[in-house]
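What follows is one structure encoded as structure tokens, with my remarks underneath.
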Amino acid sequence: MDQAKTKKSLNWAELGFQYRYTDYRFSATWRDGVWSEGELLTSRTISVHEGAPALHYAQQCFEGLKAQTAPDGRVLLFRPELNAERMRQAAGRLLIPEVPEELFLRGVEEAVRANYAWIPPHGSGASLYIRPMLIGVGENLGLKPAKEFEFRVFVSPVGPYYSESGLAVISLAVSDIDRAAPAGTGAYKVGANYAGGLLATREAQSHGANEALYLDSASHRFIDEAGSANILVAMDGNRLVTPSSAAVLPSVTRRSLMSIAEQELGLTIEHRSIELRKEIDQFLEVGACGTAAVLAPVGKILVDGQWHHFHDEGKSVGPVMQQLYDRLVSLQRGEREDAYGWTHEVVMGD
Ligand code: PLP
Ligand code: COI
């Protein structure tokens with residue numbers, strides 16, 4: 001155990017957003033209508049039947065959250081019960097048995113606790129990314145739900161998603177490809193949404209952007225979201241606007257930032273359709289937010305072959321995104337009092 005309490009000697013500040021093997025993962029299985037208690041495993045591989053519905057028909061969903069080390073050494077999760085709820089929603093949509101909140105939180109906590117040595121120290125700029133996943137396994141060929149499921153949680157120490165430094169200005173390119181249909185699966189964190197987006201990301205990157213920006217698939221007029229993040233727009237009159245689309249993932253980060261903007265920065269928050277081409281000239285600042293992305297200021301967006309620049313010609317971070325970033329991150333890292341009750345300590349034990 002002493003061994004497990006010693007931090008790995010990684011160059012934490014140099015980490016990118018990549019998978020890194022850690023010692024333990026949590027796994028529970030659903031069979032004959034019941035979830036097993038779950039256990040910690042050391043193998044990073046999953047052996048499944050070649051007919052597994054997760055492999056053929058994408059009967060799977062996943063989550064993403066982070067653990068961070070506070071200045072006093074406590075290990076903090078950020079609103080994990082919202083991830084449990086979102087996975088519950090996705091499971092219901094895909095005819096997967098729900099993971100009860102108790103099992104979800106216990107799986108996350110056990111995976112974090114067992115991998116204490118891999119949790120980046122406070123001040124390193126890195127964090128422990130946690131990836132809960134729920135997959136349909138077992139033998140199947142016809143299009144029907146799996147009879148068995150695995151709930152697995154693995155973790156990996158990670159650095160920033162978009163760059164080597166904490167707060168990078170990124171760019172987006174509007175995609176011709178649709179991410180999600182109005183009554184499709186866009187609001188759920190299911191792998192199929194991301195497979196369909198790989199080509200859009202590649203095309204966006206071929207134009208020199210970091211990510212694709214999706215418009216609503218019914219009219220191609222309104223902003224939905226980016227490939228791995230929700231969108232925030234700062235506008236005149238101290239307003240912070242976010243799309244109200246039913247096809248976007250309900251981002252935990254975005255919901256938190258909207259509360260911070262309203263309660264701490266006194267901004268007026270609006271949750272409404274944003275008509276991109278009509279309103280883009282009124283955008284003062286744009287941000288892309290998510291667990292992996294945190295809050296990335298968007299310096300420019302490519303629309304119909306033309307780049308639109310925001311704050312300072314897209315060269316630096318604007319004041320709204322900077323303040324939102326600082327306030328969110330200081331809360332998540334336990335650097336200031338959490339009046340919201342959003343942080344959740346993982347007690348390490350002996
Ligand atoms: N939108 C998409 C498509 C995502 O993959 C993510 C990442 O989880 C988000 C938004 C941000 O959600 P959250 O803040 O809950 O991580
Ligand atoms: C996250 O932010 O947690 C995600 O799942 C996004 C993913 C594409 C890395």
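As the structure lists them, so they are numbered: ligands from 1, and atoms in each ligand from 1.
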Find all atoms of ligand 2 within a distance of less than 4.0 Å from any non-hydrogen atom belonging to [X], and give their numbers and elements.
X    : value
Y161 : 8 (C), 9 (C)
S228 : 6 (C), 8 (C)
T291 : 2 (O), 3 (O)

For [atom], find the nearest protein heavy atom and state the residue, atom name and distance (0.1 Å precision).
atom                    : result
atom 5 (O) of ligand 2  : K189 NZ, 2.7 Å
atom 4 (C) of ligand 1  : Y194 OH, 3.4 Å
atom 1 (C) of ligand 2  : Y129 OH, 3.3 Å
atom 16 (O) of ligand 1 : T291 OG1, 2.5 Å
atom 6 (C) of ligand 1  : S228 O, 3.3 Å

Next item on the list: Please state which part of R131 comes within less than 4.0 Å of ligand 2, counting heavy atoms only: side chain, backbone, both or neither.
Entry: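 Just the side chain.
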Notebook entry, point to check: For Y116, is the NZ or CZ atom of K8 found under 6.0 angstrom from the centre of its six-membered ring and inside 45 degrees of the ring axis?
Noted result: no
Of the side chain and backbone of [X], name the one, both, or neither that has a heavy atom under 4.0 Å from an atom of ligand 1.
X    : result
A229 : backbone
L249 : side chain
A293 : neither

Run the numbers for me: atoms of ligand 1, each under 4.0 Å from some heavy atom of [X], listed by number.
X    : answer
G290 : 11 (C), 14 (O), 16 (O)
R86  : 12 (O), 13 (P), 15 (O)
S251 : 11 (C), 12 (O), 13 (P), 14 (O), 15 (O)
N230 : 1 (N), 10 (C)

Notebook entry, point to check: Around atom CD of E337, are there more than 12 heavy atoms of other residues, nucleotides or ligands at under 6.0 Å?
Noted result: no
Note to self: Other residues, nucleotides and ligands only: do more than 12 of their heavy atoms fall within 6.0 Å of CZ on R336?
What the structure shows: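 Result for CZ/R336: enclosed.
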For [X] and [Y], work out which heavy atoms get closest and say how close.
X    : Y    : value
G290 : S251 : CA-OG, 4.4 Å
P97  : W35  : O-CZ2, 3.9 Å
C289 : L257 : CB-CD1, 3.7 Å
A187 : A246 : CB-O, 3.4 Å

Next item on the list: From atom 1 (N) of ligand 1, work out which of K189, E225, K66 has a heavy atom at the shortest distance.
Entry: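 Ranked by closest heavy atom to atom 1 (N) of ligand 1, first place is E225.
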Quick one: does [X] get an N or O within less than 3.5 Å of an N or O on ligand 1?
X    : answer
A226 : no
N83  : no
R179 : no

Notebook entry, point to check: Atom CZ in R74, atom CD in Q68: separation rounded to 0.5 Å?
Noted result: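 One finds 12.5 Å between CZ of R74 and CD of Q68.
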Check: NE2/H220 to OG/S175 distance, rounded to the nearest 0.5 angstrom?
Finding: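 Going from the NE2 atom of H220 to the OG atom of S175 covers 8.5 Å.
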Next item on the list: For T22 and V155, indicate whether the former's side chain and the latter's backbone hold a donor-acceptor pair under 3.5 Å.
Entry: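 Answer holds: yes.
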Checklist line | Contact with ligand 1 for C289, non-hydrogen, under 4.0 angstrom | finding: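 The answer is yes, since C289 has a heavy atom less than 4.0 Å from ligand 1.
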Note to self: For the residue pair D72 / H122, report whether a side-chain donor-acceptor contact shorter than 3.5 Å exists.
What the structure shows: no
Next item on the list: Using distance alone, determine whether A292 and ligand 2 share an N or O pair under 3.5 Å.
Entry: yes
Next item on the list: Check the pair E225 / R254 against salt bridge (Lys or Arg N to Asp or Glu O under 4.0 Å), numbers first and verdict last.
Entry: CA-CA 11 Å; E225 64 176 325; R254 188 254 303 154; over 6 Å; no
Notebook entry, point to check: Is any NZ, NE, NH1 or NH2 atom of the basic residue among E85 and R79 found under 4.0 Å from an Asp or Glu carboxylate oxygen of the other?
Noted result: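 Between R79 and E85 there is no salt bridge, as every charged N stays at least 4.0 Å from the carboxylate O atoms.
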